[in-house]
Every structure is written in C-alpha cells, then in structure tokens.
Protein chains: 2
Amino acid sequence: MLIQTAVRRGSPQGRLPIEGQDDLGGPIDCMGALISHRRKEEIYGEGEPADYLYKVVSGTARTSKVLADGRRQIGGFYVAGDVFGLETGEEHSFSAEAISDCKLIVIKRSALVALAARNHDMARQLWAITSMELRRVEEHILLLIKSARERVATFLLEMAERIPTGNAVELPMSRQDIADYLGLTMETVSRNLTILENAATIELPSSRRIVLRNRSALNRLNA
Amino acid sequence: MLIQTAVRRGSPQGRLPIEGQDDLGGPIDCMGALISHRRKEEIYGEGEPADYLYKVVSGTARTSKVLADGRRQIGGFYVAGDVFGLETGEEHSFSAEAISDCKLIVIKRSALVALAARNHDMARQLWAITSMELRRVEEHILLLIKSARERVATFLLEMAERIPTGNAVELPMSRQDIADYLGLTMETVSRNLTILENAATIELPSSRRIVLRNRSALNRLNA
DNA sequence: CGTGATCTTGAGGGAATTCAATGTCGGTGG
DNA sequence: CCACCGACATTGAATTCCCTCAAGATCACG
C-alpha cells in the first residue's frame, strides 16, 4: 500500500518518528487511505461529524477553535507520526487545517471502533491515543499560565523536540499561529523572540528558521 | 499519600450517579472500596504510581500541579459522580486533594484494565472517561485565553451547571482555588465578583454562596 | 471575645495588548 | 533582471488590564 512511501525523518532506527506512537503504526497505517491537503486547506470543521481520524505522514496540521469575537485558540500542531481528530463524541470539537502541504492517512472511526470491539489490542491503542492527547493538553494548560517569555521558550523547546533536526528548527507555522497557540499576540511573540536573540539564546537566520544557541537558558525559562 | 482504611465494601444498589456518567456507575461502583478523606487531605501526589482511580460519592476534590517557583495550576474540580485519577501512564501527572470532606470509591486500575481486556464494554467505558476528561481540559484551555471578567463568569456558569441547586451556588473551594483554576490571582477573582455584584449580575450573600441573578449577562461574558 | 484564616479593597507598577508604522521576503509580471 | 506587490514579521508608543504589595474587613472557631 501507499503507506510505505511515508517520508523518513532523522530517526536512526528507521522506525516511526514520534516516540510513544511507534506501536500504533502497524495496525492503523494499514487501515486507511492516503490523502493530500494543500497549505491552508481545511481538513475538517468544528461541529462536523467525527467520522474519521487522521495520522500525519508528512507536513504539519493544526487544530483550532474560533470564539465568537474572533479570538482563535490553536489546540495543537501535528507533525509526521501524530494522530489527530479522534473523538468519542459524534462531532469534532475543534476544526483542523493543513499548515503546510500535508499527506495524511485517513481512517474511518467506525472501522476502528468495530475492530476494537473484537480486538482488545486495538481498543487499548485507541485509549492510548486519547490518553496521550489528554496529557498533551494538560501540558498546554501549564503553558498558558506562564509569562510570555516562558511560553515562547517552552514552545521553542517543544518544537525542537518534535522536529528533531539538531539545534536548528524550521517552523512550519506563522507567528500568528504561534501566538494563538500560546495565548499571546503576534507582536508579543515577535518581541520575545527578538529578546531571546539579543540575549544570544537563539538565532534567527530567517523568521521561520530558529537556531537554539543556549538550551539551558531556555530550560531555565521552562520553569 | 495517606493510606485510608476502607469504610465499607461494595456499594449499595440503586446509587444514582451524576448526569452523563450514569452508564459508568454500575460496573465501576461495584468494583471499589469506599474511603473517606478529610478536607485538605492529599489523595495522591504528582509522580506517584497511578494504581487507582477515584469516583466521587460526596464532597469535592481537586487535581493540581505546583511549578518550581510555587505557582499552582488546578486541573479540575470533581464533584459527586465525577471520575479522576485515570491515567494510561504509570504515574499521576497531577496531585489530588480533598477540598471538602469526601467519600470516594477507589478502584484498582489493574483490575479495570484486566476486565477491559475481556469485556469490550468496560474497555469502551475506560476510553469514554478519558475522552470526556480530554474534552473538559480542552474547554479549560479556551477559558485561559479569556479576560478575567470572562473567566470568572464562565466559571460561575460551569459551577452552577455542575452543582445544580437552582440559581444559588454553594462553592466548595476558596478564592485561591478559583484563582489557580482560572490562571488569575485571588484578588482579581474577588474584584471581578464584586464588579458582577455591583452590576446586579450576581449576589454574594456570603463569600462561598453565590446567586446568579442575570444569567444572560453571564452568558454574554461567556464569549 | 480574640485569633487566625479567608476575603475584600486600595494604590501603584509592570507586562502584555492595541494601534500604527516600518521592514523583509517570496513571488509575479513588466 | 529588478521592480512591485502582498503577505508576513518586526518595532515603537500609548494604553489597558492584571498583578503586587499592603491594609482592612469578615468569618469560623476555640
């Protein structure tokens, strides 16, 4: 199947890139169809039936929610190996969009649920995915009570860990995306990146490329 | 963690849990021991083995996490019918404390997981509990990006919904607890309650008792 | 009644936002 | 090729909102 053409990232073992989800690869990867989304395309909308879940093969996606007055919160960013869109309810509580051109494996939820009813291991995996997501969102809450400086530092460390390319990180998302993820304004994110740059903690060769020069300084801000 | 002696085994027939979790009542209620915790007692600590999960019979509990510099985040409040402490990992990521004197049903996780391996319905329920918690935490994130006024208003509506006693709410938690839940200071919470009172949106017969006078005003702030 | 814990209120300061202007980059067409 | 354009990002100035610090007020309880 097409799934095998998934891009390989820098993991030496040649296994799935994201830690903790390796065991989910096999069964799930074999059940879905591979689809592509262009940059900025909507993958699903808030309130739509949650009939499918998605596993990122390449590219980056985000989930988001827009409040009545236009404020937007980004629930999370999803890179190769990540799963999103899994709900127990009937509807998606967030919408999802492609940040960069994306290849995704799409799996029908009902198929997984039916399989889980017979296969205990699959049931355990569905639970594990939800549970991991829960832990991620709990971490996100801790982020939102920190100062702007700390949020930005934590964000950089998180991204560096999830897109492991040494000390240089190629951010797939805009400043506005980062701001809406961190609960800040674009300007505040930008200012704090500049401050970190002036402190020689990071380098900004271009706006989307960030080099972590002093990780311990970032970790100190990670509180 | 304090080891409590079980007050009673099993559970009386016909207990009626709280809305939305009714279906979880039967199987789970029958599997655990009933224990009591006094006000302010720790139920479990962050990083401790997540060997048990808890269902509130009476009273209120909270989960919380303290950052290195002393800032505290409250993950959630749990009232009669709510389940907390369920993790897929080996350790609790938050600690849990009794806010008021509490009776809890304690269930061994390994027993549930073992049962889930044979009983698909139990597996589905474990997933449902985690999934509900995920949705709750996602809502919490939306709270944390709002203004102080909005957070307080949303909190009041949430509590009024979860402790359904008409328009009067008897809050089991302190202002500091509310503040740490909302990502604000105690003073800011207090000030905004006063403002809402002066606007005739709520009444404060005592600091812990709040009467919602104008729900639509609160809903308007709910954004 | 005191005493401590909890809550409210006030004044001042600071961090993040808002509004506005300038700067940078990648693409497109002259 | 480079000039221009739009999208995105940075920087500046003023303001707003929340926090900090401090002083009272209220409540529960011995």
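Here is the naming used below: chain letters follow the sequence lines, and residue numbers restart at 1 for every chain. Just so it is clear, the structure is predicted and the values come from calculations on it, not from any experiment.
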Under a plain distance cut-off of 3.5 Å, with no hydrogens placed, do B:Arg151 and B:Asn192 share a side-chain donor-acceptor pair?
no

Using OP1 and OP2 only, check whether a side-chain N or O of B:Arg191 sits under 4.0 Å from D:dC18.
no

Indicate whether any N or O donor in one side chain lies under 3.5 Å from an N or O acceptor in the other, for B:Asn214 and B:Thr201.
no

In residues 144-151 of chain A, what residues come within less than 4.0 Å of DNA chain C, judged by heavy atoms?
A:Ser147, A:Ala148

So where does chain B start and stop touching DNA chain C, 5' to 3', when the test is distance under 4.0 Å to a non-hydrogen atom?
C:dT6 to C:dA11

Just how far is it from atom CZ of B:Arg215 to atom CG of B:Leu157, taken to the nearest 0.5 Å?
6.5 Å

Among A:Arg62, A:Lys40, A:Arg39, which one satisfies salt bridge (Lys or Arg N to Asp or Glu O under 4.0 Å) with A:Glu97?
A:Arg62

Phosphate OP1/OP2 of D:dC19: any B:Thr185 side-chain N/O under 4.0 Å
yes

5' precedence on DNA chain C between A:Glu187 and B:Ser174 (nearest-nucleotide basis):
B:Ser174

For atom CG of B:Asp180 and atom C1' of D:dC18, their distance in whole Å
15 Å

Are there more than 12 heavy atoms of other residues, nucleotides or ligands under 6.0 Å from atom CD of B:Glu46?
yes

Verify side-chain contact (heavy atoms from CB on, under 4.5 Å) between B:Arg175 and B:Glu187, making sure each step is shown before the conclusion.
CA-CA 8 Å; B:Arg175 293 286 186 271; B:Glu187 294 93 326; over 6 Å; no

For A:Ser64 and A:Gln73, run side-chain contact (heavy atoms from CB on, under 4.5 Å): C-alpha distance rounded to whole Å, both residues' side-chain angles, the deciding distance at 0.1 Å, then the answer.
CA-CA 6 Å; A:Ser64 65; A:Gln73 176 61 35; over 6 Å; no

Short side-chain donor-acceptor distance under 3.5 Å, B:Ser147 and B:Glu150
yes

Sub-6.0 Å ring centroid separation between A:Tyr78 and A:Tyr54
no

Round to a whole Å and report the spacing from CG of B:Leu221 to P of D:dC17.
13 Å

Which of these, A:Arg72, A:Arg71, A:Lys65, sits in a side-chain hydrogen bond (donor to acceptor under 3.5 Å, both in side chains) with A:Asp180?
A:Arg72

Smallest separation among heavy atoms of B:Ser36 and B:Lys103, with atom names:
OG-NZ, 3.6 Å

Heavy atoms within less than 4.0 Å of DNA chain C: which residues of residues 192-208 of chain A have one? Give them sorted by number.
none

Would you kindly give the CZ-to-C1' distance between B:Arg71 and D:dC18, to the nearest whole Å?
15 Å

Does a side-chain N or O from A:Lys40 land closer than 4.0 Å to OP1 or OP2 of D:dA7, or not?
no

